[in-house]
Amino acid sequence: MKIFEEIESEVQSYARAFPRVFNRAKGAEMFDSDGNRYLDFLAGAGTLNYGHNNPLFKKALLDYIEADGITHGLDMHTKAKGEFLQTFNEKILKPRKLEYMVQFTGPTGTNAVEAALKIARNVTGRGNIVSFTNGFHGVTLGSLAATGNAHHRGAAGVTLGGVNRMPFDGYLGDGIDTTVYLDKVLSDSSSGIDLPAAVIVETVQGEGGINVASVEWLRNLQDVCRRHKVLLIIDDIQAGCGRTGNYFSFEESGIQPDIVTLSKSLGGYGLPFAVVLMKPELDQWKPGEHNGTFRGNNLAFVTAKEAIDHYWSDSKFQDEILEKGKYIGRRLDDMAKKHGEGNFSTRGRGMFRGINCVSGELADKITRKAFQKGLIIETSGAEDHIVKIFCPLIITEALLKEGMDILEQSVAEICGQVDEIPEEHDFFSEAS
Ligand SMILES: *Cc1c(COP(=O)(O)O)cnc(C)c1O
């Protein structure tokens with residue numbers, strides 16, 4: 001279609017990697033306007049954890065629209081918002097013994113991050129924020145200052161201030177606990193690092209290359225924050241909503257962040273929705289101080305509630321994610337071993353996984369090849385050297401296997417071992 005070249009801005013990016021016109025999608029499958037079918041292992045970068053057009057939510061959404069339910073409500077109380085809050089409190093917060101106030105921000109992840117940084121700065125009266133190498137927190141100026149990526153930072157056009165960068169877990173190699181360095185600079189009044197209002201961190205860095213913070217590192221980070229009376233913000237926009245297995249990605253570590261940001265799959269249906277969760281004593285906002293026209297996307301409240309009701313009322317979904325995650329991990333380990341000539345490695349947690357192809361060029365060739373074979377999959381990391389496996393969490397075992405087979409075949413062909421046909425992988429047979 002010529003119209004895209006004619007008037008759509010050069011800023012487009014995914015459209016370049018997947019140059020088709022898509023017009024229909026269901027679950028983990030997408031279809032272009034020529035009727036070609038694709039498996040979606042990108043899943044809206046983590047926005048479609050429950051798949052495209054999930055029938056369980058679609059029904060609720062259609063009923064709501066049919067009954068002339070409120071679509072836009074600024075931040076007024078609506079029935080849909082009330083029901084979302086009720087469900088979120090009863091089924092997500094209370095069972096996890098988390099006590100948070102919920103702030104509805106503008107519906108993008110970056111707006112939730114902006115609000116989180118503001119509240120941390122205003123409550124503590126400190127301007128500085130600590131973020132981590134390879135962290136990604138969005139591209140509006142406040143969030144962008146906390147983001148590491150040079151390509152994104154370069155577009156700011158102004159000096160990005162108010163943030164100091166610290167090494168993420170593993171940045172200095174195995175066996176070095178980088179929270180020791182953070183503790184040291186915060187203890188030394190002449191370190192040159194101003195005592196921050198907060199530390200903001202992803203438990204698994206999504207855009208930064210699927211770097212996984214260990215449970216111990218997260219606990220140590222929380223200890224350092226508490227020792228220095230610095231707030232801990234977990235940016236769970238990509239890793240949250242089940243991607244790593246639990247609803248919140250930090251559950252396994254047992255830490256209790258002061259502030260949490262959620263977006264992407266929160267709305268459940270791919271509808272824009274973002275919140276900031278904060279400990280009650282931090283909720284010192286004055287009415288309307290942080291506002292936004294689209295804080296009341298009620299259609300997203302409806303589907304978000306449905307998502308929680310259907311998938312998070314018991315532990316079944318969680319168990320499935322962990323099971324599928326193990327399968328993905330085994331398949332990736334296999335690919336690395338068979339085709340990586342000792343250079344490839346794998347990483348990730350739950351269904352948040354990747355294979356490190358070392359070279360960005362190689363990873364790019366692999367994802368292009370996969371796309372030719374009908375698999376939509378992207379790369380991440382500083383050099384785009386990680387192939388990122390990000391299928392919807394609800395994917396069937398058959399489609400998951402099909403996608404992993406396509407990926408393996410693509411890796412084999414690019415790495416020059418075309419004759420290797422992927423061996424049969426029985427879904428749940430191998431113990432791990
Ligand atoms: C995607 C993402 C954001 C930004 O969300 P937008 O909706 O794109 O503004 C922030 N933090 C993390 C960890 C993300 O993955």
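In each ligand, atom 1 is the first atom listed, and ligand 1 is the first ligand listed.
Between D364 and R368, at least one side-chain nitrogen of the basic residue sits less than 4.0 Å from a carboxylate oxygen of the acidic one, meeting the salt-bridge criterion. The pair E207-K388 counts as a salt bridge, with a side-chain nitrogen and a carboxylate oxygen less than 4.0 angstrom apart.
Near ligand 1, residues T108, G109, T110, F136, H137, G138, E202, D235, I237, Q238, K264 each place a heavy atom inside the 4.0 Å sphere around the ligand atoms.
Cation-pi geometry between R295 and F104 is not met: the NZ or CZ atom fails to fall both under 6.0 Å from the ring centre and inside 45° of the normal.
For D283, there are no salt bridge (charged side-chain N to carboxylate O under 4.0 Å, His left out) partners at least two apart in sequence or on another chain. Among residues two or more places apart in sequence or in another chain, the salt bridge (charged side-chain N to carboxylate O under 4.0 Å, His left out) test is passed with E10 by R16.
Residue pairs meeting the salt bridge (Lys or Arg N to Asp or Glu O under 4.0 Å) criterion with at least one partner in residues 253-276, sequence neighbours excluded, are D258-K279.
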